[in-house]
Every structure is written in structure tokens, then in C-alpha cells.
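First the structure, in the form of C-alpha cells, and then the observations on it.
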Amino acid sequence: EPRPSLCFGMVIRHGFTDFFSVETGINLVRRNYEVIGVDQEEGITGNTRFAFTGYEIPLQGLIYVRLGQEWWMNGAGGMSIDMYPSSTFASSAVEGDTLFYDFAVTTVKRRWVQLSLLANLGFEYRHKSKGSFYLGASYHRPFNDMAISQLNYQKGQEVSRANLALNGNYFTIDLRYFFHEKGKRRR
């Protein structure tokens, strides 16, 4: 099961006009998961939580619609280069009457680098001297699965295994602040 996760980073935006911009940056994404295993024969339930960390370099084009004097709405679309630096391992154990029941998850990245599709919709308040405040939502969709998780359950000497593909899709609520840009001098 996916659990609430964290994505944070820095974005640099270059405005070509009041209605069109391009942005890029770098983000750290920590995806949290929980695996719950149930052995119905033994009446044992165990859970293991693990995290899978990645980095993203987004490149998006933004189109703005003016809603008021200082209020703007934007739609954005683009690509992201996703990088996964390492694989991960997590385990837990439950003690029964005479045995230990071990639950383990090994998550292995499928590729070191892959591409993803990005889409975004949001609202922005632009203050002339204090910068811009942004509230929006984003969708991130990798073109391929980012990792494979192998689930291992060991009861005494007996081992059961299952594989799960982690696709890496996510939906975010975005809170951003953009520093005030000084106007360009006319020549």
C-alpha cells in the first residue's frame, strides 16, 4: 500500500511573456509504502514499512490565464528525468509460540534513469514586491515501472515469495513561493 510521501525541491521559472513560462529544477521524492502479510494458517499478521527515494529534473511549459488584477491560473505540461540512486531493503519479525515469522521486502530499481510525463494545474497570486504564492496540483506518470519489490515471508525453514511492480505514479498538492523578479531595464 502506498502511504503519504514527500516531494520537495527547487524550481526556476523563466517568463517569456505574462502568459507563457518555462520551468525546470530538481526535486527529491521519498515514496513510502507498507506491506501487510497475513498467514491465515498460523493466525500471524506482520507489516513492514519501507521507503524508495528518487530525484526528478522536470522541464515544463506553462500557459497562464489572468483571473484578476493579481490572480492567475496556469496549466502546465512536460517531461521529467527521474533518477533512482539505490535499491532498498526492509524487514520485520513476529514471534509466535515456537517460531519467528520473518517478513522482508527487497526493492530493486529497474533503471537508473527514466522519463516521466508531468501535468499541472494551479492558481497563483502575484504581488508586485513580495513575490508569487502558488497553490496547485500535479500528476507524475513514469513511462515504465520504477522498481520491483520482492516480498519474502519465512516461517521456520519454509520461504514464500511474491514480486510486485512499483509504477511510481503520484498525485501531489503543490505549495510554492516564487521570489519577486525585478523588471528588466529597457535599453
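What you see below is based on every heavy atom in this structure, not just the backbone, and it leaves out hydrogens, waters and symmetry mates.
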*May I have the step-by-step check of side chain to side chain contact (heavy atoms under 4.5 Å, CB included) for Asn163 and Leu151, ending in yes or no?*
CA-CA 6 Å; Asn163 290 328; Leu151 315 173; over 6 Å; no

Value for OG1 (Thr172) from CG (Asn120), rounded to nearest 0.5 Å, stands at 7.5 Å

One should read off an interatomic distance between Ser86 OG and Phe52 CZ, to the nearest 0.5 angstrom, of 7.0 Å

Heavy-atom nearest pair, Gly15 first then Ser21, reads CA-OG, 3.3 Å

Between Lys109 and Pro85 the two heavy atoms that sit nearest each other are NZ-O, 3.2 Å

(request) Decide yes or no for Val108 and Gln150: does some side-chain heavy atom of the first lie under 4.5 Å from some side-chain heavy atom of the second? (result) no

Check: Do the side chains of Trp72 and Ser132 get nearer than 4.5 Å, heavy atoms only?
Finding: no

query = Does Ile81 share a hydrophobic cluster with Phe8, counting links as ILVMFWY side-chain heavy atoms below 4.5 Å and allowing steps through other members?
reply = yes

Checklist line | Joint hydrophobic cluster, Met83 plus Leu115, side-chain heavy atoms closer than 4.5 Å | finding: yes

Tell me if a side-chain donor or acceptor on Gln114 pairs with a main-chain N or O of Asn144 at a distance below 3.5 Å.
yes

Subject >> ILVMFWY network linking Met146 to Trp112, side-chain heavy atoms under 4.5 angstrom >> reply: no

Check against side chain to side chain contact (heavy atoms under 4.5 Å, CB included), Leu166 and Tyr33:
CA-CA 10 Å; Leu166 299 180; Tyr33 297 94; 4.0 Å; yes

Rounded to the nearest 0.5 Å, the CG atom of Leu28 sits from the OG1 atom of Thr53 at a distance of 6.0 Å

Note: with side-chain heavy atoms under 4.5 Å as the link, the other cluster members for Val11 come out as Tyr134, Phe178

**Q.** Ring-ring centroid check Tyr64 Phe19, cutoff 6.0 Å
**A.** no

Quiz item: Got a sec: does the CZ of Arg30 have more than 12 other heavy atoms crowding it under 6.0 Å?
Solution: no

Residue set satisfying side chain to side chain donor-acceptor pair (under 3.5 Å) with Arg31, at least two apart, ordered chain then number -> none

**Request:** Flag yes if more than 12 heavy atoms outside Phe179 fall under 6.0 Å of its CZ atom; otherwise flag no.
**Result:** no

dist Glu34:CD -> Asn47:CG (nearest 0.5 Å) comes out at 4.5 Å

The reported gap from OH in Tyr55 to CD1 in Ile26 (rounded to nearest 0.5 angstrom) is 8.0 Å

For Phe50 and Ala90 the tightest heavy-atom approach is CB-CB, 3.7 Å

Ignoring hydrogens and geometry, is there a side-chain-to-backbone donor-acceptor pair from Asn32 to Pro4 under 3.5 Å?
yes

Contacts satisfying salt bridge (Lys or Arg N to Asp or Glu O under 4.0 Å) that involve residues 154-166 (not counting sequence neighbours) are Asp39-Lys155, Glu41-Lys155, Glu42-Lys155

d(Phe123 CZ, Trp71 CH2) to nearest 0.5 Å is 9.5 Å

Closest non-hydrogen contact found for His127 with Lys130 is ND1-N, 3.1 Å

For Ser5 and Arg3, indicate whether the former's side chain and the latter's backbone hold a donor-acceptor pair under 3.5 Å. yes

Q.
Determine whether Thr107 and Ile148 satisfy the following criterion, side chain to side chain contact (heavy atoms under 4.5 Å, CB included), listing intermediate values before the conclusion.
A. CA-CA 6 Å; Thr107 303; Ile148 298 289; over 6 Å; no

Heavy-atom closest pair (Pro58 atom, Thr24 atom, distance to 0.1 Å) is O-OG1, 2.7 Å

Smallest heavy-atom separation, Leu121 atom then Asn74 atom, equals CD1-O, 3.2 Å

Count I, L, V, M, F, W, Y as connected when their side-chain heavy atoms are under 4.5 Å apart, and connections chain through other members. Are Phe143 and Val113 then in the same cluster? yes

Here the salt bridge (Lys or Arg N to Asp or Glu O under 4.0 Å) pairs for residues 164-176, sequence neighbours left out, are Glu23-Arg176, Asp174-Arg176

Sorted by chain and residue number, the side chain to side chain donor-acceptor pair (under 3.5 Å) partners of Ser92 (sequence neighbours excluded) come out as Thr48

**Prompt:** Can you check whether Phe171 and Tyr139 have ring centres sitting under 6.0 Å from each other?
**Reply:** no

Those residues at least two apart in sequence (or on a different chain) that pass side chain to side chain donor-acceptor pair (under 3.5 Å) with Glu70 are Tyr125

In Asn169, Asn27, Asp82, the residue satisfying side chain to side chain donor-acceptor pair (under 3.5 Å) with His140 is Asp82

Exercise for the section: Apply side chain to side chain contact (heavy atoms under 4.5 Å, CB included) to the pair Met79 and Leu59, showing each step before the final yes or no. Expected result: CA-CA 6 Å; Met79 306 288 285; Leu59 179 60; 5.6 Å; no

